[in-house]
Number of protein chains: 2
Amino acid sequence: MARSAVTRDPPGKGASPATPKSRPGQRSAHPKTPRRLKQIEAKRTAMLDAALGLFSRAGLHGTTVEQIAEDAGVSKTNLFYYFASKEEIYVAVLSRLLDEWLAPLRAIEPDADPVVAIGEYIRRKILFSRTQPAASRLFCLEIVQGAPLLKRELETSLKQLVDAKAAMIRGWTAAGKLAPVDPHHLIFAIWATTQHYADFAGQIDALLGTGLDDEAFANAAAENVSRIILEGIRFRPIP
Amino acid sequence: MARSAVTRDPPGKGASPATPKSRPGQRSAHPKTPRRLKQIEAKRTAMLDAALGLFSRAGLHGTTVEQIAEDAGVSKTNLFYYFASKEEIYVAVLSRLLDEWLAPLRAIEPDADPVVAIGEYIRRKILFSRTQPAASRLFCLEIVQGAPLLKRELETSLKQLVDAKAAMIRGWTAAGKLAPVDPHHLIFAIWATTQHYADFAGQIDALLGTGLDDEAFANAAAENVSRIILEGIRFRPIP
DNA sequence: GTCTATAGCACGATAGAC
DNA sequence: GTCTATCGTGCTATAGAC
């Protein structure tokens, strides 16, 4: 919140029509041989990877451009050749991950058996928390802080996706395949429980001395979350 | 992560023995009349309240002391008379809230009926998310970022509390009063689902246009979370 | 495209009068 | 205790040589 919030339009790839300063993706003195393009893309990726790691631990304002450059193995100046500002790096990191973040929800099919489908969804979300904990934490930070940069995306793409899946869940309940539950609260519960293992990994480690790094713990987490959400914890004698 | 991490010992109330600079809590030129002490305490509280609101939205590094001073209705210099550094304010805010954050878990009694007790716990946690969303978000930010300042507290007090309650839950299961579930994963699930409504309020608002501010929504949230965790979502014909 | 050097400025923190 | 004024630092971003 401190200094600004995107003061000028960042000359990235998509938006602004008039970008005087040349950028690596675009034309340059050298012809863009496939080899060169690949180098450039690799460098961009290294920078974004480094930025993801740092932003996810310290947030936008807690990370300096110099740290990103160092972690990516480039000079600070060179980084500013690829990205016009720190905010532009931040947005690039977020938008690169959005699709992947939503993929598990997209993958749910209405025709599947609900209990199987939801079990699989939970498994996938925990796998994401396991393989991409930094991404999960960055989204968490961004949303907790009001998602100034993601809000629009949430209100359009995400809402559309969630509404569709909510209707699907309602259909399952209407067909007598699922207990009556508000679909949105169910989705929130699944998001919350699965992302918790990445976002609150520090707390879990402090309490248990382990985390999703440990495969056995990851399996136990998926198993317990599935059981709690699907079966509940009320005691039921074996029928 | 940027610049420092508590470079010098903050001359607050507890720790460091030698604090040359006088502080409002301690002796001053004026005798500490009850009236004066009360004024000072009120001011301190106003400052911490302002800091909580800002830190919870923008984190430690995204908040400036000038903003805190402005929100609290004091000058920046005056704020530095009460607190030696920004970090000291941050720590003071966190430690003021810790007890309250853990109170609902502490309140669970082993002799209670598990289903009732857990339902009540969920209700209280959602009430906390509703009445103290800023506190919940600040803890979320702090833990996501690795809880550099809370880690010790988590490893000692919190661990002790959680281990005790985990044993209690295991006792319920052993007594046939609760379905078999790993107590830690159950506690995580309850934390995650209930705190989600405060921490991800921005996302929920983007999706549904409402939140815990709305009492009806808050009731629906508590009701649905309780139902999901206690009963599960698998369809069961009425017996 | 990549470097060295530095401009420019916001911010945390302090000095010293009252 | 509170104020005005200011210092010093560390950071983002740019200029300009190569």
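The chains referred to below are lettered A, B, ... by the order of the sequence lines, with proteins before strands, and numbering in each begins at 1.
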Between [N] ([atom2]) and [X] ([atom1]): distance, integer Å:
X	N	atom1	atom2	answer
A:Met47	C:dT2	CE	C1'	10 Å
A:Glu66	C:dT6	CD	P	16 Å
A:Lys86	D:dT14	NZ	P	14 Å
A:His61	D:dT12	NE2	P	11 Å
A:Phe83	C:dG1	CZ	P	14 Å
B:Leu60	C:dG12	CG	C1'	12 Å
B:Tyr90	C:dA13	OH	C1'	20 Å
B:Glu88	C:dG12	CD	P	15 Å

Check the angle between the aromatic planes of A:His185 and B:Tyr197 and answer parallel, tilted or perpendicular using the 30° and 60° thresholds.
tilted
Measure from the side-chain heavy atoms of [X] and tell me the nearest of [options].
X	options	result
B:Tyr81	D:dG1, D:dA13, C:dG1	D:dG1
B:Arg36	C:dT2, D:dG1, C:dG12	D:dG1
A:Phe80	C:dT2, D:dA13, C:dG12	D:dA13

Do the charged groups of [X] and [Y] touch, with an N to O distance under 4.0 Å?
X	Y	answer
A:Arg130	A:Asp214	no
A:Arg152	A:Glu155	no
A:Lys38	A:Glu41	no

More than 12 heavy atoms of other groups within 6.0 Å of B:Glu66 CD:
no
Establish, with yes or no, whether the OP1 or OP2 oxygen of D:dG1 is under 4.0 angstrom from a side-chain nitrogen or oxygen of B:Lys43.
no
Assess whether side-chain hydrogen bond (donor to acceptor under 3.5 Å, both in side chains) is satisfied between A:Ser157 and A:Glu153, documenting all intermediate values.
CA-CA 6 Å; A:Ser157 331; A:Glu153 205 76 26; 3.2 Å; yes
Check every strand shown and say whether A:Tyr82 touches a base, only sugar-phosphate, or nothing at a heavy-atom separation below 4.0 Å.
sugar-phosphate
Protein-nucleic acid N or O pairs under 3.5 Å, nucleotides 3-5 of chain D:
residue: D:dC3; atom: OP2; partner: B:Ser75; partner atom: OG; Å: 2.6
residue: D:dT4; atom: O4; partner: B:Thr77; partner atom: OG1; Å: 3.1

Any A:Lys151 side-chain heavy atom under 4.5 Å of B:Asp205 side chain:
yes
